Structure formats: structure tokens, C-alpha cells
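Comments concern the structure below.
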Amino acid sequence: MAEHGGDAGARERARRSRLYDYADPADPGGPGASAGDIRGRRGFAAVLGEFRRTPVLVPVDGDGAPLTADFGGVRWFYAFSDEGALARFALARGEGGREWPYQRWLGARLLDAAVPATGVPSGVALDCADDGRGVVFPPVRGIVPDAVAVAADGGTGASGEPGQDGGRAVTDGRTGDER
């Protein structure tokens, strides 16, 4: 799905994705960074490190594939810190009465293996039903492998060259489409 509809001139007029806010390659301690910016980035780096080292629950479908949803041009893997968080997610969806099979994966496995395997911009939504306590790990450099990160210029990959989709998010055309 191309936000600019393929019109070459529309790219400059297109609304900027919030992913670009995360993709700032500037040094967090560089000139112009406020103390709050530095603390925020260091705090997020600590959360990211903990996530990478921690086993999380990944709900799976009948074939054992991780449950994902497409939203805002990004494929999001659902992950939960414990069974309570997964149960709150099921209840929020109105599906608390059914069984939710899951697998335990390290956060690093999601970010370093599952995300690149999708072939589209992908990230992880951790505890997404926990109001104010959930965390998203978007597909940007420093979170996912550079080769599949969404670059600030709209491209993907460590080289800055657009990926196979021209640097645009690709979905099956339905916002919020769950897989």
C-alpha cells in the first residue's frame, strides 16, 4: 500500500508516518538533544534489551504461525509478557471463551528472525491490550536488522536503497487485516 498512491510528486505531500519519528539516526547525546530526549532513548534502549533477552508468549494460529495484524502499513506480531496479558487481549477482542494456543519465543527471535522473514515492514506489539503499559518495537534501525529496517527516507535496508517493495509498506490492501 503506497501512501502517496504512486504519484511521484505526491511523495513530498504525503503525511509522514510516525515511524520516521523513531528512525532518527542522530546520536541521542548529540548537540540539540535535550536531557529528556537522552533519558527517553536510554530508557527505551533498556526496555528493548530486556525484551530481546526475555521469553514472551506468541499466539499462533492452527498451523502454528504467529498471529499478526497489518496496521498503518506495518505487519505487527502480537507478543505478551505473560498469560494474564494474553487473556486481557483475548477479552478485549471479545474472544475470551476460546483457547489461545501460543509458543514461547525470545524477543530477539521475533525481531531478528520473524520480522525479516515477512518480506514487508514488520514490528512487534508487546502487551497491546494493556492500556498505557504496552510497547511497540517498530521496524526501524536499532530495533530490527538494518537490512529490513524502514529508513527515514522511505527506503529499506542498510544500504539505504529501497527494498523489493520500493520502500513502501505492502499489505494485502486491508487496514487492520489479521493473519
Side-chain angles (χ1 to χ4, degrees), residues 1-6 8 10-56 58 66-81 105-128 132-172 175-177 179:
M1 169 188 329
E3 288 187 53
H4 58 79
R11 187 171 213 160
E12 290 79 32
R13 295 187 304 268
R15 206 171 92 197
R16 190 174 87 150
S17 168
R18 292 207 22 93
L19 289 176
Y20 293 117
D21 295 337
Y22 293 102
D24 181 8
D27 176 17
S34 72
D37 289 342
I38 295 168
R39 278 192 306 275
R41 289 183 186 194
R42 286 183 181 156
F44 183 78
V47 169
L48 175 62
E50 185 66 23
F51 174 74
R52 294 182 65 78
R53 293 184 297 273
T54 303
V56 294
V58 178
L67 186 63
T68 65
D70 289 348
F71 183 76
V74 175
R75 178 153 309 147
W76 296 99
F77 285 86
Y78 292 120
F80 301 93
S81 56
W105 290 17
L106 283 177
R109 179 178 176 194
L110 278 168
L111 295 173
D112 298 340
V115 163
T118 65
V120 297
S122 301
V124 176
L126 177 67
D127 295 340
C128 59
R133 292 191 351 235
V135 179
V136 295
F137 299 100
V140 296
R141 202 176 86 202
I143 296 177
V144 301
D146 288 351
V148 297
V150 176
D153 65 359
T156 58
S159 66
E161 294 297 316
Q164 64 186 8
D165 63 351
R168 296 179 300 274
V170 177
T171 67
D172 65 0
T175 302
D177 180 43
R179 307 216 181 267

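Starting from 1, each residue takes its place in the sequence as its number. Computed from a predicted model, the values in this text were never measured in an experiment.
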**OP:** Evaluate the criterion side-chain contact (heavy atoms from CB on, under 4.5 Å) for residue pair F51 and V124; output intermediate values, then yes/no.
**Re:** CA-CA 10 Å; F51 174 74; V124 176; 3.7 Å; yes
**OP:** Drop me the distance from T118's OG1 to D70's CG, to the nearest 0.5 angstrom.
**Re:** 9.0 Å
Original post:
Can you tell me how far CD1 of I143 sits from CG of D112, rounded to the nearest 0.5 angstrom?
Top reply: 12.0 Å
Residue pair [X] / [Y], side-chain heavy-atom distance below 4.5 Å:
X    : Y    : answer
L111 : R52  : yes
W76  : S122 : no
V74  : P138 : no
P145 : P116 : yes

Give the minimum heavy-atom separation between [X] and [Y], together with the two atoms involved.
X    : Y    : result
R141 : D146 : CG-OD1, 2.8 Å
L126 : S81  : CD1-N, 3.9 Å
V144 : A149 : CG2-CA, 3.8 Å

Subject >> Test side-chain contact (heavy atoms from CB on, under 4.5 Å) applied to C128 and Y78, step by step >> reply: CA-CA 8 Å; C128 59; Y78 292 120; 3.6 Å; yes
Original post:
Is the backbone N or O of E50 less than 3.5 Å from a side-chain atom of T54, with the two atoms forming a donor-acceptor pair by type?
Top reply: yes
**OP:** Let me see the working for F137 and V115 under side-chain contact (heavy atoms from CB on, under 4.5 Å), right down to the final yes or no.
**Re:** CA-CA 11 Å; F137 299 100; V115 163; over 6 Å; no
Subject >> D127/R133 salt bridge by N-O under 4.0 Å criterion >> reply: no
Subject >> CA sep, side-chain torsions, deciding dist, call: F44, V135, side-chain contact (heavy atoms from CB on, under 4.5 Å) >> reply: CA-CA 10 Å; F44 183 78; V135 179; 4.2 Å; yes
